[in-house]
Every structure is written in structure tokens, then in C-alpha cells.
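Keep in mind the model is a prediction, meaning the values are calculated, not measured. Chain naming here is simple, since letters A, B, ... match the order of the sequence lines and numbering starts at 1 in each.
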There are 2 protein chains.
Amino acid sequence: MAAQNKGPGGKQPTINDVAALAGVSKKTVSRVINRSEFLTDKTRAAVERAIEQLGFVPNPQARALAFRRNFLIALLHDNPNAQTVLNFQRGVLDAIKDSDLALLVRPVDRGSDKMLDDVRTFLEKQRPIGALLLPPISENDDLAALCENLGVRYVRIGSAPLDDAKHCISSNDREVVAEAVRRLIALGHRRIGFVRGPVGFRSAAERETGFLEALAEAGLDLPPAFNAPGNYRYTAGIEAGEALLSLATPPTAIFCSNDEMAAGVMSVAHSKGVKVPEQLSIIGFDDSPTATHIWPALSTVRWPIHEMGVRAAQTLVPDFLAPGAKVAEGAVLASTFVERQSVAPPSAN
Amino acid sequence: MAAQNKGPGGKQPTINDVAALAGVSKKTVSRVINRSEFLTDKTRAAVERAIEQLGFVPNPQARALAFRRNFLIALLHDNPNAQTVLNFQRGVLDAIKDSDLALLVRPVDRGSDKMLDDVRTFLEKQRPIGALLLPPISENDDLAALCENLGVRYVRIGSAPLDDAKHCISSNDREVVAEAVRRLIALGHRRIGFVRGPVGFRSAAERETGFLEALAEAGLDLPPAFNAPGNYRYTAGIEAGEALLSLATPPTAIFCSNDEMAAGVMSVAHSKGVKVPEQLSIIGFDDSPTATHIWPALSTVRWPIHEMGVRAAQTLVPDFLAPGAKVAEGAVLASTFVERQSVAPPSAN
DNA sequence: TTGTATGCGTTATCAA
DNA sequence: TTGATAACGCATACAA
């Protein structure tokens with residue numbers, strides 16, 4: 001059935017060909033490949049010349065068999081935000097560009113009760129060196145434990161430290177949200193609404209905490225009517241916007257726990273003839289493409305997702321990266337508040 | 001260096017264990033695994049029982065070595081639209097869910113002159129069964145030829161047939177664009193502007209052709225001033241919007257070759273106080289998240305990207321899919337026009 | 001510092 | 001229809 005898959009032309013050179021040409025044993029060639037330290041500069045040079053000459057590329061499948069480990073990194077995610085996943089992918093790929101590693105992508109279904117079994121099967125079959133866990137599944141401790149048990153390295157991505165520094169890359173979301181809200185307060189806003197993220201998400205909790213901290217600092221409080229539920233989806237933003245903007249005394253500013261919901265709130269404002277930012281300031285979170293595509297452009301919090309991908313890969317497999325590659329230190333990266341046109345002082349009313 | 005990677009607990013059972021338990025040779029076990037037809041029902045049953053009992057899972061690395069082929073599908077893309085890539089990924093993964101295949105993702109840089117070399121190295125190293133090519137790199141014939149030469153199957157995704165039916169899945173963009181424009185004309189629009197896609201992209205050419213066909217049918221023409229250049233980016237939409245809406249006699253409707261540029265045009269309309277859709281109808285293409293996040297919601301063309309992923313995978317590796325899996329026929333899938341709030345009859349002026 | 005023999009888990013060959 | 005034995009390409013243990 002599965003036939004006709006043979007590349008024409010000469011076969012790829014193997015380690016044996018290199019050994020023969022260089023006049024050494026295959027083990028010596030192997031040592032060169034794996035950067036062993038016990039080698040004469042002369043032999044190393046000879047082997048490298050032979051490799052160059054033959055255009056030899058070590059066969060990853062054979063190495064994987066011998067190593068009992070595939071030269072792969074797995075990216076596990078269940079993220080509704082495509083741009084986030086893809087930016088992170090890019091970061092990882094940038095980091096492993098000059099290594100022998102490749103990236104395996106695996107979406108998982110966090111809602112399924114078979115999730116852990118699925119991941120287990122996947123990891124046992126593919127035997128990657130390590131796994132990168134994106135939020136929200138990165139918050140699942142069982143998943144991290146599973147990796148540990150299977151001998152698969154892991155690094156979790158979070159909006160706050162979820163694990164020790166060798167197993168987690170995080171951003172300082174809480175602080176930056178507080179900073180954004182302080183900006184609203186500095187502009188004169190006193191009635192500030194909040195649209196929450198989904199229940200049980202660490203990221204949502206962090207954003208809410210940061211929001212409340214900033215309010216508390218200023219001696220402001222959050223009336224229950226100003227505190228709208230949400231789930232990171234556009235429709236939740238619509239509902240929150242309807243609720244908040246229908247109040248007798250509506251907020252003059254609304255912080256939304258992500259951009260998508262902020263877009264929903266902004267739609268409602270437009271529909272109701274509420275001018276943004278003159279009558280209503282809006283802030284989101286993510287700096288997704290949506291943030292700049294809507295009008296007026298959304299002030300938001302940008303988390304360094306690409307850089308987190310780079311950092312996560314470097315943390316996961318420092319020993320597989322090119323020797324010269326500079327590996328950055330630090331497990332916490334800084335998010336930044338990006339101010340655009342959706343924020344202004346409250347109008348006198 | 002790279003050590004400590006040994007999973008605790010007993011080792012995985014191998015084909016030898018299964019053979020011993022079933023009282024047959026390992027080759028016979030291999031035959032069962034690979035669904036050979038020359039087997040007694042009795043032996044097969046015995047082997048399957050042993051497999052079940054041991055929880056044996058064939059080692060993909062060893063198979064890859066022996067087969068000289070990895071059980072992987074590579075997804076090659078250089079697509080600015082994250083949602084598209086991810087939806088396609090999902091489709092592919094849905095299709096291969098119950099198979100032994102996994103998905104390798106590889107972004108490439110179509111701008112680089114080393115692109116072909118990069119892909120060659122990648123394919124030679126990873127030796128996937130096949131590769132899926134997303135637009136715009138799917139339009140590169142050299143890339144397809146490279147796969148062919150390396151014995152790597154390939155399927156190209158395009159907005160029009162780029163290859164024979166075994167090597168291409170496409171949508172009928174041209175027809176659907178024409179349909180969308182006919183809708184504008186039916187509503188009474190006569191001055192319809194166009195924002196082009198990037199030069200050299202087949203998708204852009206298809207959309208333009210469809211647009212012009214619909215205009216021609218109605219006896220309308222496209223004045224040069226109504227024909228704005230673009231590159232699928234938001235900023236191009238801004239520039240096009242500035243140009244078109246500054247005309248003494250501006251268009252009453254604008255078709256944009258993708259949603260992102262449509263969002264740009266819409267921003268300009270808002271800035272200039274041009275009401276959408278009352279004074280200006282706008283149509284985009286892609287049905288990206290942006291289409292529903294902007295206000296008013298954008299009428300657009302949805303291409304069946306998830307389904308294309310499923311179909312592409314089925315076309316690429318029909319022989320690796322579960323025997324029971326139903327494989328759909330047909331290499332051309334239908335895009336659909338989605339009408340939302342950004343379209344209305346032209347106001348009398 | 002380098003080489004020899006052996007193993008990794010599977011499939012292919014060819015004979016039985 | 002099955003089985004013994006040799007690949008597959010590389011790494012490891014142990015010798016030299």
C-alpha cells in the first residue's frame with residue numbers, strides 16, 4: 001500500500017562513509033557529531049572535512065533509536081488564541097533553529113477526561129526530549145507530573161510563576177494590569193468596570209488581582225454591578241457591555257481581561273452611541289491583532305509571547321542548542337502596557 | 001550533558017516480548033502490526049491477544065529507521081494569518097487522530113533565497129511521509145518539485161487548482177468573490193472600489209478576477225482611481241481607505257481582498273465620519289476573527305480551511321488512516337459568502 | 001585519545 | 001503461511 005517512496009539519486013552518506021573517508025572508526029565520527037571532548041584537534045578536523053565533503057547529515061531516526069529519545073520538542077496547547085500559539089511557536093523555532101531539534105505540535109482538549117491519557121500516549125510514542133505547556137493547560141499540575149514520570153522534560157508558561165525557575169516561564173501580568181488601571185485613575189476615572197476572565201484560570205485571577213490592587217491603592221472599590229463575568233470570548237464582551245452600559249450610572253472606563261472581550265464591549269458602545277474614548281475608555285489584554293484592527297485602536301497589555309517561546313526553549317533544552325547560542329537568564333519576563341486611542345480622561349458629566 | 005532522561009518503572013514491552021508470549025516469531029508480530037494479509041486468523045488473534053495483554057505499542061523510532069521514513073506529516077507554511085494556519089492544523093490533526101501519524105510544523109521564510117535549501121535539509125532530516133503546503137508557498141512549483149524529488153508526498157492548498165487532484169486541495173474563491181460583488185450590485189451599488197492583494201499571489205489574482213468578472217457582467221468598469229494596491233496588511237487598508245474616501249466622488253462600496261485590509265478601510269471610514277454601512281459598504285475575505293470583532297461586523301468570504309485540512313490529510317496519506325475512516329472525494333471545496341452588518345444599499349446622494 | 005563488538009526495536013529477505 | 005537472520009544508522013561499554 002504505502003510504497004513508491006524512494007528518493008531517486010544516490011543514497012545519503014552514512015557515518016560509515018564518513019569514517020572510511022576520514023580513515024577513522026565510526027565511533028570517532030560519532031564523537032565528533034556529539035561534541036565529545038576527548039578528541040585530537042587533528043582527527044576532529046579530518047572528520048569534519050570528510051563530513052563536509054560528503055554532505056553527511058546524521059540520520060535523526062537512527063539517533064533517536066540509539067538514544068531512546070526523539071530529537072523533538074512537543075508543544076502542548078489548548079489555546080483559543082491562535083496568534084498567541086503561533087507567536088510562541090515562532091519563538092521556539094527561532095531558539096532551536098540551528099540545533100538538531102524539530103517541533104511537534106499537539107493541541108489537546110482540556111475539557112476531555114481522557115486528556116491525560118491522550119498526552120501520555122502521545123509522549124510515550126513520540127518520546128520527545130521535552131514538552132512546552134502553554135496556558136491554560138500549563139496550570140494543570142497532573143500534566144507536569146506526567147511529564148516528570150515519563151522522563152520528559154517540561155517547561156510551563158504562565159501569567160505567574162507556576163513552578164520553579166527551571167520549569168516555568170512567566171510574565172508579570174498582575175503588575176502590568178495594575179499599572180494600566182493606575183493610568184486610568186491618573187486620567188481621572190473613578191467609576192471603573194471590570195470584565196473577568198473564565199473561572200479557574202490562573203491568568204484571569206492574576207489580572208483580577210492586579211486590577212483590584214490598583215483600585216485599592218486609590219481607595220476606590222468595585223461595585224458588584226461593575227464586575228461583569230466573562231470567558232475570554234467576544235460574546236461575553238457583548239454581554240458585559242450591555243450590562244455595564246445599561247446602568248443608570250455606567251462606568252467611565254472598563255478594563256477587560258482580554259482583547260476579544262474588549263472588542264465586544266466596544267461594539268456595544270458603538271451600537272449605543274457611546275463615544276470611545278470620549279465617554280468610555282476601554283483597555284484590553286493580549287495585544288492581539290484585534291487590538292489594532294478595531295476602531296479606535298485598543299489600549300492593551302502586551303505579553304512577550306515570542307520572547308517567552310525563545311526563553312522556554314532555551315530553558316528546556318540548553319544542552320541541545322548551538323554552543324555559541326546565548327541563553328538568556330530569568331524566568332519572569334515583562335509584559336508592557338500599550339496605550340492607544342481607546343483611553344482618554346472621563347468627560348465631565 | 002543531556003542525561004537523566006530515563007523514565008522510572010519497567011521498560012516498555014518490545015516486539016520480542018510479544019512474540020515470546022504469543023509463541024510466534026517477531027516477524028509474525030510485525031506482520032500483524034502492519035496489517036499483512038498472509039496470516040491465519042488464529043495466529044493473528046493470538047498475537048493481538050498478546051499485544052493487548054502487554055500493552056505493547058510499536059516504537060516509532062525503530063519503525064522509522066527500518067522504514068527509512070518517519071511517521072510524520074510536515075506542515076510547511078509562511079502565512080501571516082495565524083488563525084488560518086491553526087484552523088488548518090486542527091483539520092489535519094482531526095484527520096490523522098486515530099492513525100500512527102503525528103504533525104510536524106515548519107514555518108518557512110519565503111523571502112529568503114535559502115528557502116529551498118532550508119526545506120530540503122528539513123525534509124531530508126525528518127523524512128516525513130508527506131508535506132502539506134499552505135498558500136502562498138503552495139504556489140511555488142520548485143517546492144513541489146523538491147518534494148517529488150525527495151520522495152516526499154505533497155499536497156498543495158490553493159485558492160484555485162495549482163496541480164492535479166492528487167496534489168492539490170483548493171477552494172472556489174473566484175466564484176464566491178463574484179457572488180459577493182453581485183450582491184453589492186443587486187443592492188444598487190454602481191461605484192465599487194477594490195483593494196488588491198499582494199502582487200504575485202495567486203489568491204490575490206483569483207479574487208481580483210472574480211471581482212472584475214462580476215463588474216463586467218453588470219456592465220460596470222473599475223476606474224483606475226477605484227483600484228487600490230494592497231498587501232493583505234492592515235496598514236495597506238488604511239492607505240487604500242485614505243485614497244478612496246478622499247476622492248471627489250468616492251465609491252459607495254469597497255471590496256477588500258482580505259479582512260485585515262477591510263478593517264483598515266473601516267477605521268478610515270470611522271475617522272472621517274463616513275457611516276458604515278449607510279454611506280459605505282465594505283466586504284472582506286477570510287472570515288478571520290477580526291471580521292466579527294470589528295464594528296459593524298464585516299461581510300466577508302469564508303473559506304473552508306478546517307475542512308481543507310481534513311481533506312488535504314486524507315488526500316496525502318489515505319493508506320495510513322484508520323481502515324474505517326471515510327475519505328471524502330473532491331479536490332475543490334466551496335467557500336461561502338457571509339453577509340453581516342457592513343453591507344447595505346447605497347444611500348441616495 | 002581511539003577502536004571493537006554489541007545493542008536499540010523494527011522491517012526485509014529468502015528459505016522452509 | 002511462517003521463521004531465522006541480516007539489515008537500518010548510530011551510540012555505548014569496554015578494550016586497547
Distance, rounded to the nearest Å, where A/Asn70 contributes CG and D/dC10 contributes P: 15 Å

Between CG on residue B/Asn59 and CD1 on residue B/Ile15, distance to nearest 0.5 Å: 10.5 Å

Separation of C/dG9 P from B/Arg69 CZ (nearest whole Å): 24 Å

Separation of atom CD1 in B/Ile15 from atom P in C/dT10, rounded to whole Å: 5 Å

Validation row, ring centre B/Tyr154 to ring centre B/His167 under 6.0 Å: yes

A/Thr40 side chain to A/Lys42 backbone, donor-acceptor under 3.5 Å: no

Presence of A/Thr40 side-chain N/O under 4.0 Å of C/dT2 phosphate oxygens OP1/OP2: yes

All side-chain contact (heavy atoms from CB on, under 4.5 Å) counterparts of A/Arg120, not counting sequence neighbours: A/Glu124, A/Leu146, A/Leu150

Value in whole Å for how far the P atom of D/dT12 lies from CG of A/Leu65: 12 Å

B/Arg63 side chain near C/dT11 phosphate (N/O to OP1/OP2, under 4.0 Å): yes

Sugar-phosphate, base or nothing in reach of A/Asn34, heavy atoms under 4.0 Å: sugar-phosphate

Pair B/Thr84, B/Asn81: side-chain N/O donor-acceptor within cut-off below 3.5 Å: yes

Lys/Arg N to Asp/Glu carboxylate O, B/Glu307 vs B/Arg311, below 4.0 Å: yes

A/Asp164 atom CG, over 12 foreign heavy atoms within 6.0 Å: yes

Review item, nucleotides 3-7 of chain C N/O atoms under 3.5 Å of protein N/O:
from: C/dG3; atom 1: OP2; to: A/Ser25; atom 2: N; distance (Å): 3.0
from: C/dG3; atom 1: OP2; to: A/Ser25; atom 2: OG; distance (Å): 3.1
from: C/dG3; atom 1: OP2; to: A/Thr28; atom 2: OG1; distance (Å): 2.4
from: C/dG3; atom 1: O6; to: A/Arg31; atom 2: NH2; distance (Å): 2.9

Rounded distance in Å - CZ (B/Phe38) to P (D/dG3): 16 Å

Touch class at under 4.0 angstrom, heavy-atom based, for B/Phe71 against every strand present: nothing

Separation of atom CG in B/Asp41 from atom P in D/dT1, rounded to whole Å: 10 Å

Atom-to-atom span, CZ of B/Phe67 to P of C/dT10 - whole angstrom: 12 Å

Atom-to-atom span, CD of A/Gln61 to P of D/dC8 - whole angstrom: 15 Å

Short side-chain N/O contact from A/Ser30 to OP1 or OP2 of D/dT12, under 4.0 Å: no

